[in-house]
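What follows is a single structure, written as structure tokens, with notes after it.
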Amino acid sequence: MYDFRPADLADKPALYAELLAAADALTDGERDPVANMANVAALLGEFLPDCNWTGFYRMVDGELVLGPFVGRPACIRIPLGRGVCGAAAASGTTQLVEDVQAFPGHIACDAASRSELVVPVLRDGLVIAVIDLDSPDLARFDGQDQAGIEALAALLSRRI
Ligand code: SME
């Protein structure tokens with residue numbers, strides 16, 4: 001049994017340092033990508049307050065396909081360039097959206113979502129997946145969240 005608990009929700013750099021250490025410990029030496037994404041989705045759900053969806057979309061044959069997540073059932077396939085996830089996958093860059101209703105083409109999987117952070121996972125310069133975080137709060141995510149999730153994406157580059 002694993003019992004990783006975030007120590008200080010208010011100290012984001014410390015929170016992400018712990019999250020990264022936990023993700024490293026859980027995925028180190030495990031070759032199964034689904035198992036690793038499932039455990040990291042669960043960690044994200046447990047560590048990050050005020051999120052209603054935390055998980056992965058994988059790049060499969062040129063489109064995003066739903067991966068392991070914590071949250072409500074979500075849309076299964078997202079074409080490149082569509083919505084926040086599709087924008088991150090098409091550009092290979094993080095999308096930090098303070099108000100999803102102001103984002104052209106945002107895909108509302110859960111009507112409660114108000115802000116979103118999507119970080120691509122790159123391997124050898126190619127997008128292999130995206131990490132998607134949704135929150136029911138406006139402007140829930142900031143540069144510290146972005147830096148933390150980008151570090152997580154780098155860690156997972158060869159583990160998913
Ligand atoms: N809102 C996302 C779709 C995925 S769900 O949030 C889980 C988007 O616009 O890409």
Side-chain angles (χ1 to χ4, degrees), residues 4 6 9 12 15-16 19-20 22-23 26-27 32-157 159-160:
F4 297 108
L9 297 180
K12 282 193 187 182
L15 182 69
Y16 281 106
L19 174 61
L20 241 73
L26 279 172
T27 59
D32 190 277
V34 174
N36 287 339
M37 285 187 278
N39 264 335
V40 171
L43 274 183
L44 289 166
E46 202 159 328
F47 271 61
L48 300 182
D50 307 316
C51 288
N52 57 333
W53 204 94
T54 61
F56 291 84
Y57 279 87
R58 301 157 297 127
M59 187 76 92
V60 180
D61 297 333
E63 66 180 342
L64 291 173
V65 181
L66 184 63
F69 67 93
V70 173
R72 303 185 82 177
C75 49
I76 299 168
R77 293 176 185 271
I78 300 178
L80 287 197
R82 284 273 324 276
V84 186
C85 291
S91 65
T93 59
T94 294
Q95 305 292 307
L96 176 54
V97 181
E98 294 195 342
D99 178 359
V100 294
Q101 288 170 355
F103 188 94
H106 167 252
I107 302 164
C109 290
D110 183 340
S113 294
R114 286 288 173 271
S115 59
E116 186 161 358
L117 175 64
V118 183
V119 174
V121 181
L122 302 169
R123 185 189 298 153
D124 300 328
L126 296 175
V127 176
I128 59 165
V130 301
I131 301 171
D132 183 16
L133 308 179
D134 285 35
S135 171
D137 298 341
L138 272 176
R140 154 68 179 82
F141 306 104
D142 61 16
Q144 290 185 328
D145 296 292
Q146 177 173 346
I149 300 300
E150 286 177 347
L152 178 65
L155 172 76
L156 296 178
S157 171
R159 299 189 184 188
I160 65 170

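In each ligand, atom 1 is the first atom listed, and ligand 1 is the first ligand listed.
By the criterion of a heavy-atom distance under 4.0 Å, the side chain of Asp132, and not its backbone, is placed next to ligand 1. With a 4.0 Å cut-off on non-hydrogen atoms, Cys85 touches ligand 1 through its backbone as well as its side chain.
Ligand 1 has no N or O atom lying under 3.5 Å from any N or O atom of Tyr57, backbone or side chain. For ligand 1, the polar-atom distance check against Glu116 finds a nitrogen or oxygen pair separated by under 3.5 Å. At least one N/O-N/O distance between Asp134 and ligand 1 falls below 3.5 Å.
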For a side-chain contact (heavy atoms from CB on, under 4.5 Å) check, start with the C-alpha distance between Leu152 and Leu20, then their side-chain angles and the critical distance, and finish with the verdict.
CA-CA 6 Å; Leu152 178 65; Leu20 241 73; 3.8 Å; yes

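The closest heavy-atom contact to atom 3 (C) of ligand 1, among the options Ile107, Leu66, Val118, comes from Ile107. In this structure, of Leu133, Val84, Val100, the residue bringing a heavy atom nearest to atom 8 (C) of ligand 1 is Val84.
Annotation for Ala42 and Val70: closest pair CA-CG2, 3.8 Å, computed over non-hydrogen atoms. Phe103 and Gln95 get closest at one heavy-atom pair: CE1-OE1, 4.0 Å. Counting all heavy atoms, side chain and backbone alike, Val130 lies closest to Ala88 at CG1-CB, 4.4 Å. Nearest approach of Tyr57 to Cys75, heavy atoms of both residues: OH-O, 2.7 Å. Scanning all heavy atoms of the two residues, the minimum distance from Pro68 to Ala41 falls at O-CB, 3.8 Å.
Defined by atom type and a distance below 3.5 Å, a donor-acceptor pair is present between the side-chain atoms of Ser113 and Asn52.
In this structure, the protein non-hydrogen atom closest to atom 5 (S) of ligand 1 is Cys109 SG, 3.2 Å.
Here is the list of ligand 1 atoms found below 4.0 Å of a heavy atom in His106: 1 (N), 9 (O). Atom numbering of ligand 1 starts at 1 in the shown order; those under 4.0 Å from a heavy atom of Gly83 are 9 (O), 10 (O).
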